[in-house]
Amino acid sequence: MKNNYILPNKDLKSFTCPHCNTISQMFFEQHAFQNDFFSTRSGSISSKNVLYIARCQCCGKKIIWIDDEYIYPDIIAEEANEDMPDSVKQLYNEAGLIYNKSPRAACALLRLAIDRLCNELGETDRDINKNIGALVKKGLPETVQKALDVVRVVGNKAVHPGQIAFDVDDKSTAIILMRLLNIIVERMITEPKEIDSLYQGLPESVKNAVENRDKK
């Protein structure tokens with residue numbers, strides 16, 4: 001998982017390029033038709049329908065906004081953790097490709113991905129709230145459970161996986177759900193795997209001493 005991912009933003013001079021996936025400096029141009037300029041109440045000049053074009057210094061490809069709306073290319077807010085199970089990653093990547101154009105559909109896919117991740121981690125209750133609670137007992141931070149409650153994955157107002165919460169499901173919610181999926185995978189899969197790898201790399205004499213200590 002890339003911890004230094006920077007979401008494309010027309011107000012930043014550098015961010016992660018959605019074409020080449022590197023953090024790169026961007027060269028900007030902006031264009032507006034003369035008829036789209038207007039005077040504000042304060043007397044200043046503003047404009048609408050402004051085309052912003054960023055060109056990546058690394059790969060040379062372009063990223064486009066109209067006013068504050070991101071247009072091109074389709075991007076995933078954050079790459080899936082490489083340890084994410086394939087059945088979950090498939091939903092994650094599909095949501096990542098559409099969250100700019102259809103955040104509500106993306107959020108439905110991501111809630112389904114969280115439900116499926118719980119199953120992959122051995123929790124099979126039909127109530128996702130109970131599954132998340134079980135993962136907390138296994139080491140998942142309670143703050144993750146609270147965050148999932150805020151975006152209606154758990155709690156009294158939870159949305160059933162695959163359904164849509166029309167009042168909260170926007171682009172920001174989709175980004176939060178993707179981040180939370182990566183956090184769950186990091187804590188419950190990646191970290192234990194890394195710790196086990198470190199332990200297996202210890203000299204046999206040290207591992208034997210630890211195992212003998214634990215038997216006492």
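Only heavy atoms go into these numbers, but all of them, side chains included; no hydrogens, no water, no symmetry mates. From a predicted model like this one, the values you see are computed outputs, not experimental measurements.
Side-chain N or O atoms of D127 include none that pairs as donor or acceptor with a backbone N or O of N131 at under 3.5 Å. Although no hydrogens or angles enter the test, the distance criterion places no donor-acceptor pair under 3.5 Å between the side chain of T124 and the main chain of N119. With hydrogens and angles ignored, the 3.5 Å screen pairs a side-chain donor or acceptor of N182 with a backbone N or O of E79. Of the possible polar contacts, one joining the S24 side chain to the C58 backbone as a donor-acceptor pair under 3.5 Å is found.
In this structure L202 satisfies the side-chain contact (heavy atoms from CB on, under 4.5 Å) test together with Y199, V206, K207, sequence neighbours excluded. When the side-chain contact (heavy atoms from CB on, under 4.5 Å) test is applied to P8, the partners found at least two apart in sequence or on another chain are Y5, F15, P18, W65, Y70, I75.
Minimum heavy-atom separation, A174 to C107: N-SG, 3.6 Å. Closest approach of A147 and L180 over heavy atoms only: CB-CD2, 3.8 Å. Between D67 and K10, the shortest heavy-atom contact is O-CE, 3.0 Å. Listed here is the closest heavy atom pair of I63 and C17: CD1-SG, 4.5 Å. V88 approaches A113 most closely through the heavy-atom pair CG1-O, 3.6 Å. Annotation for N9 and F28: closest pair O-CZ, 4.2 Å, computed over non-hydrogen atoms.
Here the side chains of P141 and R187 are in contact, with some heavy-atom distance below 4.5 Å. Under the 4.5 Å side-chain criterion, counting only non-hydrogen atoms from C-beta, H160 is not in contact with I128. Two residues are said to be in side-chain contact when any heavy atoms from C-beta on lie closer than 4.5 Å; D169 and R152 fail this criterion. S87 has its side chain within reach of E120: a pair of non-hydrogen atoms, C-beta onward, lies under 4.5 Å apart. Counting heavy atoms from C-beta on, the side chains of M26 and C56 come closer than 4.5 Å. Considering only heavy atoms from C-beta on, E82 stays 4.5 Å or farther from T190 through its side chain. Residues I71 and L51 have side chains not in contact (no heavy-atom distance under 4.5 Å, counting atoms from C-beta outward). Counting heavy atoms from C-beta outward, V168 and V151 have side chains that stay 4.5 Å or more apart.
Counting heavy atoms of neighbouring residues, nucleotides and ligands inside a 6.0 Å radius, atom NZ of K171 exceeds 12 of them. Within a 6.0 Å sphere centred on CG of N156, heavy atoms belonging to other residues, nucleotides or ligands number 12 at most. When the shell of 6.0 Å around NZ of K146 is examined, it contains 12 or fewer heavy atoms from other residues, nucleotides or ligands. Taking a 6.0 Å sphere around CD of Q200, one finds it holds more than 12 heavy atoms contributed by other residues, nucleotides or ligands.
Cluster membership check: I6 shares its hydrophobic cluster with M178, using side-chain heavy-atom separations under 4.5 Å among Ile, Leu, Val, Met, Phe, Trp and Tyr. Under the 4.5 Å side-chain heavy-atom criterion for ILVMFWY residues, no single connected hydrophobic cluster contains both L112 and I184. If you chain together hydrophobic residues whose side chains sit under 4.5 Å apart, M84 and I189 fall into the same group. Connection of V154 to V150 is not established within any shared hydrophobic cluster, with ILVMFWY side chains joined at heavy-atom distances below 4.5 Å, either directly or through further cluster members. Follow the hydrophobic side-chain contacts under 4.5 Å out from I175 and you reach L177 in the same cluster.
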(request) Let me see the working for I164 and V159 under side chain to side chain contact (heavy atoms under 4.5 Å, CB included), right down to the final yes or no. (result) CA-CA 7 Å; I164 296 173; V159 180; 5.8 Å; no
(request) Walk me through it: do M188 and L140 pass the test side chain to side chain contact (heavy atoms under 4.5 Å, CB included)? (result) CA-CA 7 Å; M188 305 306 295; L140 186 69; 3.9 Å; yes
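Separating the CG atom in L12 from the CD1 atom in I23 is a distance of 11.0 Å, to the nearest 0.5 Å. In this structure, E142 CD and I132 CD1 are separated by 12.5 Å, a value rounded to the nearest 0.5 Å. E78 contributes atom CD, which lies 10.0 Å from atom CG of L7 (distance to the nearest 0.5 angstrom). Interatomic distance, I98 CD1 to N93 CG, rounded to the nearest 0.5 Å: 11.5 Å. Of the inter-residue distances, the one linking K62 atom NZ with H19 atom NE2 reads 10.0 Å to the nearest 0.5 angstrom. Taking CD1 of I176 as the start and CG of L110 as the end, the distance is 11.5 Å to the nearest 0.5 Å.
A donor and an acceptor atom, one from each side chain of N208 and S205, are nowhere located under 3.5 Å apart.
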